[in-house]
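These notes are about the structure you will find just below.
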Amino acid sequence: MATAERGLAPGLRYVPDRFDRAAQEALVAAIRQVVADAPLFVPRMPKTGKPMSVRMTNCGSLGWVTDKENGYRYQPTHPETGRPWPAIPEALLALWDEVSGFAKPPEACLVNFYDPDAKMGLHQDRDENEFSAPVVSVSLGDQCLFRVGGVSRSDPTRSFRLSSGDVFVFGGESRLIFHGVDRIYPGTSTLLKNAGRINLTLRRVNP
DNA sequence: CAGTCCCA
DNA sequence: TATA
């Protein structure tokens with residue numbers, strides 16, 4: 001009766017534990033270097049300027065940013081330092097080659113840092129000009145309650161408790177699905193020095 | 001155009 | 001607080 005209870009929608013792929021502990025530690029070290037060069041900033045909602053609860057930065061030739069004045073967009077430089085974003089770590093490029101099924105490399109890797117009380121409302125990733133390429137998402141640190149819906153905001157949703165090292169892929173018919181983070185479970189990982197979660201999302205921006 | 005804000 |  002109900003739609004598939006266990007199966008994921010076409011194009012959605014959940015790869016638990018894709019990175020083992022050593023690989024996760026290497027990824028965190030790489031991200032620490034990215035953050036040293038491109039400091040975390042607080043993204044703000046268009047028009048209202050309301051701060052989001054995550055802090056973010058990017059690596060790659062383009063980075064996703066948002067502010068009160070100009071809204072959501074990709075740009076080649078950090079909004080506060082004006083410098084180009086640092087390169088995407090090799091391990092993430094290798095992941096993209098493995099799971100994306102897309103010939104060209106990702107242009108953007110958005111780095112979102114979630115403090116224990118940070119959330120991300122249901123939204124679509126649709127600021128790219130290339131929807132044939134999937135979005136590839138990596139979880140590091142504390143577990144989170146991740147919600148995924150369908151391509152319409154009112155579609156029913158399912159929740160997953162994601163753990164450090166897990167990978168989620170949104171491609172094909174699921175490229176534009178709504179998704180968000182309802183809560184962080186502090187203290188559920190020892191990967192990071194303090195409680196919190198890092199999410200990395202790889203995107204192809206231009207065809 | 002707005003939006004991942006908020007909140008029901 | 002720095003964390004990343």
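Reminder, nothing fancy here: chain letters follow the sequence lines and each chain counts from 1.
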Criterion side chain to side chain contact (heavy atoms under 4.5 Å, CB included) against A:L202, the qualifying member of A:I88, A:L110, A:V135, A:V169: A:I88

Rounded to the Å, how far apart are [X] [atom1] and [N] [atom2]?
X      : N     : atom1 : atom2 : result
A:R203 : B:dT4 : CZ    : C1'   : 10 Å
A:L176 : B:dA2 : CG    : C1'   : 16 Å
A:K68  : B:dA2 : NZ    : P     : 13 Å
A:E69  : B:dC1 : CD    : P     : 15 Å
A:N70  : B:dA2 : CG    : P     : 12 Å
A:D67  : B:dC5 : CG    : P     : 16 Å
A:M52  : B:dT4 : CE    : P     : 9 Å
A:N199 : B:dT4 : CG    : C1'   : 12 Å

A:D115 vs A:R55, salt bridge (charged side-chain N to carboxylate O under 4.0 Å, His left out): CA-CA, chis, key distance, verdict: CA-CA 8 Å; A:D115 275 319; A:R55 285 168 299 152; 3.3 Å; yes

Please answer whether the main-chain N or O of [Y] pairs with a side-chain N or O of [X] as donor and acceptor at a distance below 3.5 Å.
X      : Y      : answer
A:S100 : A:F102 : yes
A:E128 : A:R204 : no
A:T66  : A:M45  : no

Got a list of protein N/O to nucleotides 2-4 of chain C N/O distances below 3.5 Å?
{"unit_1": "C:dT3", "atom_1": "O4", "unit_2": "A:R55", "atom_2": "NH1", "d": "2.9"}
{"unit_1": "C:dT3", "atom_1": "O4", "unit_2": "A:R55", "atom_2": "NH2", "d": "3.4"}
{"unit_1": "C:dA4", "atom_1": "OP1", "unit_2": "A:R32", "atom_2": "NH2", "d": "3.4"}
{"unit_1": "C:dA4", "atom_1": "OP2", "unit_2": "A:R32", "atom_2": "NE", "d": "3.4"}

Other residues, nucleotides, ligands: >12 heavy atoms within 6.0 Å of A:E90 CD: no

A:F178 aromatic ring stacked with six-membered ring of B:dT4, 5.5 Å and 30°: no

Results of side-chain contact (heavy atoms from CB on, under 4.5 Å) for A:P16 - residues two or more places apart only: A:Y14, A:D166

Pair A:H179 and A:F168, ring centroids less than 6.0 Å apart: no

A:F178 ring center near A:H123 ring center (under 6.0 Å): no

Any residue of residues 120-135 of chain A with a heavy atom less than 4.0 Å from an atom of DNA chain B: A:M120, A:G121, A:L122, A:H123, A:Q124, A:D127

